[in-house]
Amino acid sequence: MSSTKQSSLIEEMGVQSGGRGRWLALSVLVLAVLLVAVDATVLGLATPSLSEDLKPSGTQLLWIGDIYSFVIAGLLVSMGSLGDRIGRKKLLLVGATAFGALSVLNACATSPEMMIVARALLGVAGATLMPSTLALIRNIFHDPKERSLAIGIWGATASAGAAVGPVVGGALLQHFYWGSVFLINLPVMIVLVIVGIKLLPESKNPVAGPWDLVSVGLSLVGVIGVVYAVKEAATHGLTWEVAATAVLGAAALYAFVRRQFTLPSPLLDMRLFRHRGFSGAVLADLLTVFGLSGLVFFLSQFLQLVQGRDPLEAGLAELPAAIGAVVTGLVAGRYARRYSVRVVVTGGLAAIGLALGALTVLHKESGYPLLGAVLLVVGLGAGFSFTVTADVILSSVPKEQAGSASAVSETAYELGAALGIALLGSIVTGVYQGFTAPEAVAGPAADAAHESLGGAVEVAKGLDPATAGPMVEAAQVAFVDGLRYASGVGAAVLLATAIAAWFLLKGQELQEGVEH
């Protein structure tokens, strides 16, 4: 055996067996998770100053916000499968390097078109990170109890990153230009790559076969087509272009599934879904994110445009959800072994559903204790359910297919978020647009005010106080009414998901023995 191979083998054994190696490797993986989670939430805060600088049209602004998630959703399965083939460490480090470089490109964008392209490319890099991190955890931690804790830390980091994003973004935007929310990615990525080269072991599927580019194309067209159609239908109604896009996406997904059954080395092994625990966990994740997305998407608008908080204060107000998710994420595996998987997952989902139900009594003057308590319970429930379902998904498949399984899990999150924002968002928008503006507000001003709550606030700045006050008041009340209705629907979805999880996860247990 060559000295290089021997050194690599000793390093990998050190990471996967005893000592601190595997936990140091985990610290590298959570850096990537933290970065993706933060990046997903900071752009919303930067949108006003970005719009003032680049002056995008309304359509361009929507693409700047959406293209990143579109590309990630479309490529997750393909990138997870690619990692299984070429090596998860290699894919993670290449993706991380690209993510850092493209973050600089985003920060330096000088036109809306450049920004859209930069965000799309950042989505390609982002799609390599999350599946690779979970798949590496599956291969580094052979003790199931340690793996449960590692997944809990992974999930807690994602939750913390999503909550810290608005706080960090708010602080940066108070002192620097909008590009700073992208430049913070660079030092984190540099540390990740340098340390990851030394600490992370390589792992891949030794018999994965070739990467089928036709399947990659079908997956990309299918997921993006469906997600785009849902969002457009919710925003602008069902037109023939939207219907055609939906049909194209559905046809591509159907062709993708059919093709996987005929390939000797499929991009995604569809037989994974025959495992009831795997399918139940994926479905639970998708529907949970669907039900939660309305709250997550519209909460910042409620805190800032209805209750008048600044971006930093709004970000801090959302922290209880992250705190709850961190606390329960770290102990979820232990409780699932003590009380059973379905008890913990069902209990977590039911808690989220009841918390969303409490928001049906929300009103403009609601004090923070109600909202803070709801966010804390949502975080506690999410920490339990998401951590255990991720563990179930990874434990249900051979470790050689960990990348594909992780990608399915992440795709469920992305699809759930897209569908939830589109459908629950249409409820909020539909109720909001029904408010009655003062008679003095007419024509283009009235149209802009009914387009969004932010539009109403902007229109009000050009009106006399006697007209502006009542119009903003009516718009805020209508927005809160819409948020209450959407929260009620989200609560119903979560409670129904809890019941489904009780049956789908019956008999499901987390592994106990150490793998060899």
Would you check, one step at a time, whether the test side-chain contact (heavy atoms from CB on, under 4.5 Å) holds for M189 with L129?
CA-CA 11 Å; M189 278 304 176; L129 300 179; 3.8 Å; yes
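- The minimum heavy-atom distance between V431 and Y485, with the atom names listed, is CG2-CD1, 3.7 Å.
- The CZ atom of F182 sits 10.0 Å away from the CG atom of L105 when rounded to the nearest 0.5 Å.
- For L380, the side chain to side chain contact (heavy atoms under 4.5 Å, CB included) partners are T328, L376, not counting sequence neighbours.
- Expressed to the nearest 0.5 Å, how far CZ of F99 lies from CG of L121 amounts to 12.0 Å.
- Proximity of L136 to T133: side-chain heavy atoms (C-beta onward) are nowhere separated by under 4.5 Å.
- Rounding to the nearest 0.5 Å places CG of L375 at 10.5 Å from CD1 of I323.
- Within the model, atoms CE of M115 and CG of L122 stand 8.5 Å from one another, a figure rounded to the nearest 0.5 Å.
- Residues I72 and G123 share a closest heavy-atom pair of CG1-O, 3.3 Å.
- Contact of the V221 side chain with the L248 side chain is registered, since non-hydrogen atoms from C-beta on lie closer than 4.5 Å.
- Although no hydrogens or angles enter the test, the distance criterion places a donor-acceptor pair under 3.5 Å between the side chain of S279 and the main chain of F273.
- Looking at every heavy atom in both residues, G291 comes nearest to L356 through O-CD1, 3.6 Å.
- F278 approaches V392 most closely through the heavy-atom pair N-CG1, 4.4 Å.
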Could you give me the CA-CA distance, side-chain angles and deciding distance for S103 and L186, then say whether side-chain contact (heavy atoms from CB on, under 4.5 Å) is met?
CA-CA 7 Å; S103 294; L186 202 55; 5.8 Å; no
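- The two atoms that bring L192 and A96 nearest to each other are CD2-CB, 3.8 Å, heavy atoms only.
- Between the T128 side chain and the A125 main chain, a donor and an acceptor come within less than 3.5 Å of each other.
- For S215 against F256, the heavy-atom pair with the smallest separation is O-CD1, 3.4 Å.
- Side-chain atoms of R258 and L218, non-hydrogen and from C-beta on, never get closer than 4.5 Å to each other.
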Verify side-chain contact (heavy atoms from CB on, under 4.5 Å) between L183 and V104, making sure each step is shown before the conclusion.
CA-CA 6 Å; L183 293 177; V104 176; 4.3 Å; yes
Step by step, would you call L75 with V124 a side-chain contact (heavy atoms from CB on, under 4.5 Å)?
CA-CA 7 Å; L75 285 176; V124 176; 3.8 Å; yes
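- In this structure E113 satisfies the side chain to side chain contact (heavy atoms under 4.5 Å, CB included) test together with Q60, S111, sequence neighbours excluded.
- Contact check for W154 versus L29: no side-chain heavy atoms found under the 4.5 Å cut-off.
- Using a 4.5 Å heavy-atom threshold, the side chains of V71 and R119 count as separate.
- You'll find the side chain of K89 stays beyond 4.5 Å of the side chain of L92, heavy atoms only.
- A side chain to side chain contact (heavy atoms under 4.5 Å, CB included) with T389 is found for one member of L349, D285, I151 and no other, namely D285.
- Going from atom CZ of F302 over to atom CG of L371 covers 6.5 Å, rounded to the nearest 0.5 Å.
- At least one side-chain heavy atom of L263 sits less than 4.5 Å from a side-chain heavy atom of Q260.
- With rounding to the nearest 0.5 Å, the separation of OG in S148 from CG in L330 is 12.0 Å.
- Between L149 and W23 the shortest side-chain heavy-atom distance falls below 4.5 Å.
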